[in-house]
Amino acid sequence: MSKSTTQGYWLMKTEPEVFSIEDLRRAGTTLWEGVRNYQARNFMMNDMKVGDDVLVYHSNANPPGVAGLAKVSRLAVPDPTATQRRSPYFDPKASAEKPIWYCVEVRFAEAFPRLIALEQIRQRPELKDLLLLRRGMRLSIQPVTAKEFAALLALRSP
DNA sequence: GCCAACGTTGGC
DNA sequence: GCCAACGTTGGC
């Protein structure tokens with residue numbers, strides 16, 4: 001895959017106790033630091049474009065679900081935490097010359113009045129193919145189709 | 001806290 | 001390159 005010219009849609013997981021949609025609201029923008037999985041990194045490095053829509057998903061939460069929306073605001077740059085010795089995301093194999101890890105910047109767009117709960121998503125037939133619902137799916141950054149994005153947004157208000 | 005499913009590591 | 005051991009993810 002490589003960067004296309006069409007609108008892209010993504011789902012990005014975050015643990016709300018670490019960084020929630022409200023944290024993103026306060027920050028305005030943030031580098032999506034700490035991704036240490038090659039497949040997820042490759043999505044950020046190769047495919048995510050400024051203006052792509054991002055569903056912010058709260059994982060390891062009670063209940064888990066999509067908490068809000070963001071937009072990609074900057075193309076991937078080296079993840080600064082990879083070379084910060086005191087960061088929990090420090091990777092001794094990374095260096096300024098060979099950063100290994102990259103991250104995009106995202107900008108807060110909206111926090112949903114109500115979480116779109118995982119359980120609610122499971123019940124929607126039009127979302128049955130969502131990667132998130134696939135058994136054993138742990139990928140922290142996932143592509144979403146335009147139809148799935150629209151179907152998810154339709155669930156955002158009661 | 002449990003544990004299934006997955007990714008990574010490292011010995012061979 | 002195989003694969004067992006280990007660490008992590010994340011729903012429950």
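In what follows, chains are A, B, ... by sequence order, proteins preceding strands, each numbered from 1. For clarity, every value in this text was computed on a predicted model and none was experimentally measured.
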Closest to the Ser59(A) side chain, choosing from dG7(B), dG10(C), dC12(C): dG10(C)
Touch class at under 4.0 angstrom, heavy-atom based, for Arg36(A) against every strand present: nothing
Interatomic distance where CZ belongs to Arg134(A) and P belongs to dA5(B) [whole Å]: 16 Å
Whole-Å gap separating C1' (dC12(C)) and CD (Glu15(A)): 15 Å
Rounded interatomic separation in angstrom, taking OH from Tyr57(A) and C1' from dG10(C): 8 Å
Phosphate OP1/OP2 of dT8(B) contacted by Lys93(A) side-chain N/O (<4.0 Å): no
Nucleotide dC12(C), atom C1' - distance to CZ of Arg135(A) in whole Å: 15 Å
Centroid-centroid under 6.0 Å between Phe90(A) and Trp101(A) rings: no
Distance in Å, Asp91(A) CG paired with Asp79(A) CG, rounded so as to fall on 0.5 Å steps: 10.0 Å
Leu139(A) CG to dG11(C) P, straight-line distance once rounded to whole Å: 13 Å
Euclidean distance, atom CG of residue Leu132(A) to atom P of dG10(C) [Å, nearest integer]: 9 Å
5'-most by nearest nucleotide on DNA chain B - Gly136(A) or Asn60(A): Asn60(A)
Interatomic distance where NZ belongs to Lys13(A) and P belongs to dT8(C) [whole Å]: 16 Å
Distance (rounded to the nearest 0.5 Å) between Arg134(A) CZ and Gln142(A) CD: 9.0 Å
Length of the OH-C1' vector between Tyr38(A) and dT9(B), whole Å: 12 Å
Nearest-0.5 Å distance, CD of residue Glu110(A) to CG of residue Leu69(A): 5.0 Å
